[in-house]
Structure formats: C-alpha cells, structure tokens
Amino acid sequence: MRTWFVITALTWTSVWFTPNQYGQRLANQGRYDEAAVAFTDPMRQGVAWYRAGEFDQAAQSFTRLQSAEARYNLGNCWVLLGKYDQAIDSYDDALKEKPDWKEAQENRNLAVARAKLVESPGGEAGDQRLGADEIVFDQNKPPGGQKTEVTGDQAINDATIQAVWLRRVQTKPADFLKAKFAYQNARDTGSDQ
C-alpha cells in the first residue's frame, strides 16, 4: 500500500510540476538537499546545495556553468571550503566578465586576506593544521581539573562577546564572512599595538 502511494505521489507531482518547479517548491519549504536533487538546472541545483551546506556538491554544480554568477558562487564555495587560491581564481573569472561587480571584488579581497592569514605562522587553525603527531597523557597527575578564578575585570570583554556572537549568527555566507574577517582584522590590529 505504501509503495503504491509513493508511486502515485511521484507520478501526480510529475504531471503538474517540471523538475525545476518541484525543486523550487522544495527550496521554498527549506528542504534544500531534496531540492538540489530535484533541480535539473545547474545554477538552481548549486544554490540549493550551497544553502544545504553541501559546498563540495554546490561547487560541482557551479563548475558546469560559465557565467559570471556561477564563477562568483563557485568562489563563495571555495572560501567556505578553505580553498582560498581557487576562490581568488573564481572571483577573477567573474570580474573579467563584470569588472565593476562590487561584491565579487569584496569577496576576492576577503579570500586574499584569508589566504595570507593561513600562510602566516600558526595560520588559521594555529599549530593544529596538520593534526597531532602523538597524544600523550600524563599518568602521574592527580585526578581532577585545575581550579581557575576569574576576577571581575577578566570576566568578559567586548571582543569575547563579539566572538561568541559571530559564532552563533549566520545570515548570508558573504555577510557572515565579511563580519568574521572584519572582527579578526580588528583583533589582529589591536594585538599589534
């Protein structure tokens, strides 16, 4: 009975909707991973994968297209995957077609800044970039943790509040990246003084 219902539902849907219409309906419901599977248009499919957080699959969809918008979206995928050199190349391709595209230039600048940050000693992930060689536990330490007291002036500062806020808030990935990079730049500039 259930199999019959599924077959009927799929058939009924295909009678009334094209795959792209059905995909758009799923996307409107926030079911982006299902929408990406339903779409036949690579741009819509890439956007759906992107919104589902599947940046590798979104990148695969965007590489099937040659438009400036596809190159821009591909650059956004590469940034979120931490592949900054590829992101810069994608933004450059988009800017060749649309030289005055402000968002593409801003995102390219962010990718360049992130690439420089990763190249610096310690990089983006500190000394953990390649992973630990060996984990050693100190067997001679007494059980229990170390006690720590925090005084009023150490409790919390604006940078800590902003860091927590940035980790929790996400709107559009471009807006998120812009805020994150601005925060990190401000933090790095403040620590140099």
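Please read these numbers as outputs of a predicted model, since none were measured by experiment.
Met43 and Trp49 fall into different hydrophobic clusters, where Ile, Leu, Val, Met, Phe, Trp and Tyr are joined by side-chain heavy atoms under 4.5 Å apart, directly or via other members. Tracing side-chain contacts under 4.5 Å through hydrophobic residues (I, L, V, M, F, W, Y), one never reaches Ile88 starting from Phe62; they form parts of separate clusters. Phe39 and Val37 are assigned to two separate hydrophobic clusters, defined by single-linkage of ILVMFWY side chains at heavy-atom distances under 4.5 Å. Cluster membership check: Leu74 shares its hydrophobic cluster with Leu95, using side-chain heavy-atom separations under 4.5 Å among Ile, Leu, Val, Met, Phe, Trp and Tyr. By the criterion of side-chain heavy atoms lying less than 4.5 angstrom apart, applied directly or through intervening Ile, Leu, Val, Met, Phe, Trp or Tyr residues, Val112 is not grouped with Val79; the two fall into different hydrophobic clusters.
To the nearest 0.5 Å, the span separating NZ on Lys83 from CG on Asp85 amounts to 11.5 Å. One distance of note links CD of Gln21 with CZ of Arg44; it measures 8.5 Å at 0.5 Å rounding. Note that the CH2 atom of Trp101 and the OH atom of Tyr91 stand 9.5 Å from one another [nearest 0.5 Å]. For the atom pair Leu110 CG and Gln105 CD, the distance stands at 10.0 Å (nearest 0.5 Å).
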Derivation and outcome, side chain to side chain contact (heavy atoms under 4.5 Å, CB included), residues Gln45 and Arg64: CA-CA 11 Å; Gln45 190 176 51; Arg64 294 171 32 205; 3.0 Å; yes

Side chain to side chain donor-acceptor pair (under 3.5 Å) evaluation trace for Gln60 with Asp56: CA-CA 6 Å; Gln60 289 175 10; Asp56 282 321; over 6 Å; no

Working for side chain to side chain donor-acceptor pair (under 3.5 Å), residues Asn73 and Glu69: CA-CA 6 Å; Asn73 290 336; Glu69 290 78 12; over 6 Å; no

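No option in Val118, Asp89, Leu117 other than Val118 meets the side chain to side chain contact (heavy atoms under 4.5 Å, CB included) test with Tyr84.
Inspection of the Glu103 and Asn107 side chains reveals no N or O donor paired with an N or O acceptor under 3.5 Å.
The minimum heavy-atom distance between Tyr22 and Ala38, with the atom names listed, is CD2-CB, 3.9 Å. Residues Ala35 and Ala27 come closest through the heavy atom pair CB-N, 3.6 Å. In plain terms, the two heavy atoms of Gly75 and Ala87 that are nearest each other are O-CB, 3.5 Å. Residues Cys77 and Ala58 come closest through the heavy atom pair SG-CB, 3.6 Å.
In this structure, Arg31 places its CZ atom where more than 12 heavy-atom neighbours from other residues, nucleotides or ligands lie under 6.0 Å away.
Applying the side-chain hydrogen bond (donor to acceptor under 3.5 Å, both in side chains) criterion to Asp33, with sequence neighbours excluded, gives no partner residue. For Trp78, there are no ring-ring contact (aromatic ring centres under 6.0 Å, His included) partners two or more places apart in sequence or in a different chain.
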